[in-house]
Protein chains: 2
Amino acid sequence: MTQPPESRPGRTIRSVEIAFSIIDALERRDGAGVTELADRLDHSKSTIHSHLRTLEELEYVVRKGDEYRLSLQILGMAEHVRDQVGNYDVIEEEVDALADETGEIAQFGIEEHGQVTYLHKASGEQAVETASSVGAQQPIYATALGKTILTFLPPERIDEIVSATEFVAHTSHTITSPEKLYDEIETIAERGYGIDDEENIAGLRCVAAPVKSESEILGAVSISGPKSRFTDDRIHDELPEFVTRAANVIELNTKFS
Amino acid sequence: MTQPPESRPGRTIRSVEIAFSIIDALERRDGAGVTELADRLDHSKSTIHSHLRTLEELEYVVRKGDEYRLSLQILGMAEHVRDQVGNYDVIEEEVDALADETGEIAQFGIEEHGQVTYLHKASGEQAVETASSVGAQQPIYATALGKTILTFLPPERIDEIVSATEFVAHTSHTITSPEKLYDEIETIAERGYGIDDEENIAGLRCVAAPVKSESEILGAVSISGPKSRFTDDRIHDELPEFVTRAANVIELNTKFS
DNA sequence: CCCGCTGGTTCCCCACGCGGGAACAGGTTT
DNA sequence: AAACCTGTTCCCGCGTGGGGAACCAGCGGG
């Protein structure tokens with residue numbers, strides 16, 4: 001209707017995109033009104049209005065006076081989504097234990113859309129807080145989790161992901177070329193665990209181990225901490241042991257779904 | 001296109017409804033293929049296909065081989081949604097404490113779309129498991145939480161909700177008429193807490209107390225347990241004290257957002 | 001008190017996007 | 001190799017969704 005210049009990467013439905021852009025806007029600001037959304041998303045008020053009405057009807061959105069916000073129904077969806085992943089309970093348990101033992105941040109993540117998505121996160125005693133949290137996404141090439149998962153993906157999927165990735169440097173250590181990434185993958189494949197040495201956040205190091213089931217990679221576990229505690233020795237000795245042990249436990253207890 | 005018989009309760013967007021029916025289907029079954037969805041939802045494969053493609057593009061859905069399933073991005077949304085509610089942390093803390101003290105199930109719920117939606121749930125030691133969980137919805141007239149929240153809503157909203165409700169009897173104790181419900185509301189208003197005496201699930205009793213902020217009702221806290229432990233005395237003495245105390249703490253620590 | 005402003009809601013029209021059917025492409029089974 | 005599965009693509013026609021403007025309701029200030 002408005003976008004003839006856009007064309008043929010397979011059909012995509014405009015109204016649905018609008019609907020989700022509304023949801024997205026409602027999510028990032030905590031609720032909003034019709035006019036505000038109309039301005040922000042550059043659509044007529046009537047358009048926004050009928051979308052909001054639809055979403056309200058579907059109970060994904062609630063109206064409180066003149067403000068619309070997302071409904072708690074999302075929480076229910078999240079529960080389901082979590083349950084459909086391998087054995088979430090085991091993952092939660094082991095990640096928590098790992099954070100506890102080490103005192104650092106422990107996380108579990110999987111690959112989606114060529115990025116890492118965190119499924120669970122636990123903070124130990126001395127954990128430095130990072131921005132990332134459950135459901136958040138991070139670049140696959142700049143995280144121990146991502147690179148580790150990548151390594152154990154089927155080769156064609158690796159290529160697919162890598163070729164679709166734009167490398168942006170988060171720190172001076174960030175991997176910024178496919179070649180280096182492929183090298184890194186090889187290294188990880190050999191030694192069995194992945195390392196992020198301040199590649200995503202300055203001062204932060206991470207170690208990650210893969211979780212596999214039937215030769216298929218499910219995700220990876222990691223611990224993250226400040227360079228000061230993640231010394232050169234620990235990072236190649238003690239810490240890999242921790243994460244691989246956790247990964248193994250998860251593997252064993254995960255009845256592949 | 002297919003539904004001329006349907007008409008004018010305000011405009012509602014068909015494509016969006018389809019998109020969400022797909023999401024819903026993906027949620028309840030853990031992923032599905034195009035054909036399966038097409039049959040189930042009674043749409044052509046091509047329709048489903050372009051919707052799935054759109055959702056995939058938007059990263060709400062991931063394709064794994066020939067199966068589509070919801071992405072973990074939902075988890076991120078859920079986090080946001082939770083945070084936008086009053087002070088979730090306090091609620092969590094108090095509900096957990098309540099479950100701990102009493103050994104039973106403690107819950108916090110709010111009203112949405114004329115129903116109760118659970119925001120948090122904690123199980124104590126001896127807790128009997130109920131089906132309900134976070135994000136789930138229950139009828140407002142058949143739960144202690146619901147009736148309690150209802151009581152403190154503005155009168156016009158009460159009428160609105162009540163007149164829109166269909167009463168279905170879950171047990172022989174279920175309130176099934178607006179009149180009785182209004183009576184119950186009055187009772188709750190007087191004594192300050194609500195009771196569900198096997199009105200939703202046989203054998204299960206609940207006690208709930210309102211959480212208000214600036215005279216506006218935010219939600220309610222409840223504990224649920226078997227009739228055997230929730231005796232006639234306790235249910236009007238000890239248990240109300242527990243829940244009102246928890247409710248008060250939440251009230252005090254909730255900086256209204 | 002009224003008038004201008006805010007915001008949400010409704011109405012209607014028109015073009016174009018979307019849903020559907022059918023044809024296509026791959027893979028697996030018989 | 002033919003019959004069947006999938007998922008995917010193509011194309012067409014119609015009804016629907018997006019936009020603009022008109023319409024309200026509430027608010028505040030001149």
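Residue numbering restarts at 1 for every chain, and letters A, B, ... go by the order of the sequence lines. Every value quoted in this text rests on a predicted model; they were computed, and no experiment measured them.
- Residue Arg53(B) places at least one side-chain N or O closer than 4.0 Å to OP1 or OP2 of dT9(D).
- Remark: Thr47(B) is in phosphate contact with dG20(C), judged by side-chain N or O atoms under 4.0 Å from OP1 or OP2.
- Spacing between atom CD1 of Ile13(A) and atom C1' of dG18(D) amounts to 16 Å, rounded to whole angstrom units.
- Between the side chains of Thr12(A) and Glu17(A), at least one donor N or O sits under 3.5 Å from an acceptor N or O.
- Rounding to the nearest 0.5 angstrom, the gap separating the CG atom in Leu181(A) from the CD1 atom in Ile140(A) is 8.5 Å.
- Counting only N and O atoms by type, the side chains of Thr47(B) and Ser44(B) include a donor and acceptor under 3.5 Å apart.
- Taking 4.0 angstrom as the limit, Ser15(B) places a side-chain polar atom (N or O) nearer than this to OP1 or OP2 of dG19(C).
- Atoms NE2 (His51(B)) and C1' (dG20(C)) sit 12 Å apart, rounded to a whole Å.
- We find that CZ of Arg14(B) is positioned 10 Å from C1' of dC18(C), with the value rounded to whole Å.
- If you check residues 60-73 of chain B against DNA chain D, the residues with a heavy atom closer than 4.0 Å are Arg63(B), Asp66(B), Tyr68(B), listed by number.
- Atom CG of Asp42(B) and atom P of dG20(C) are 8 Å apart (whole Å).
- Between Tyr88(B) and Phe108(B), the ring centre distance reaches or exceeds 6.0 Å.
- Residue Glu57(B) contributes atom CD, which lies 13 Å from atom P of dT8(D) at whole-angstrom precision.
- The shortest distance between the side-chain N/O atoms of His49(A) and the OP1/OP2 oxygens of dG18(D) is not below 4.0 Å.
- Looking only at atom types and distance, the side chain of Asp196(A) has no donor-acceptor partner in the side chain of Tyr141(A) under 3.5 Å away.
- Checked by distance alone, Lys45(B) brings a side-chain donor or acceptor within 3.5 Å of a matching partner on the base of dG7(D).
- Within residues 21-31 of chain A, no residue is approached by DNA chain D to less than 4.0 Å at the level of any non-hydrogen atom.
- Rounded to the nearest 0.5 Å, atoms NE2 (His120(A)) and CG (Leu72(B)) are 13.5 Å apart.
- You'll find that the side chain of Ser46(A) is closest to dT10(C), out of dG7(C), dG21(C), dT10(C).
- To the nearest angstrom, P of dC10(D) lies 11 Å from CZ of Arg11(A).
- Contact detail for Leu26(B) and Ala32(B): the closest heavy-atom pair is CD2-N, 3.6 Å.
- When atom types are taken as modelled, the side chain of Asn248(A) and the backbone of Thr244(A) share a donor-acceptor pair closer than 3.5 angstrom.
- Remark: P of dG19(C) and CD of Glu17(B) are 11 Å apart, rounded to the nearest angstrom.
- Between the C1' atom of dG20(C) and the CG atom of Leu37(B) lies a distance of 17 Å, rounded to the nearest Å.
- Considering Leu153(A), Val116(A), Leu218(A) as possible partners of Glu111(A), the one that fulfils the side chain to side chain contact (heavy atoms under 4.5 Å, CB included) test is Leu153(A).
- Of the possible polar contacts, one joining the Thr54(B) side chain to the Ile13(A) backbone as a donor-acceptor pair under 3.5 Å is found.
- Nucleotides of DNA chain C nearest to Ile18(B) and Ser50(A) differ in position, and the one nearer the 5' end is that of Ser50(A).
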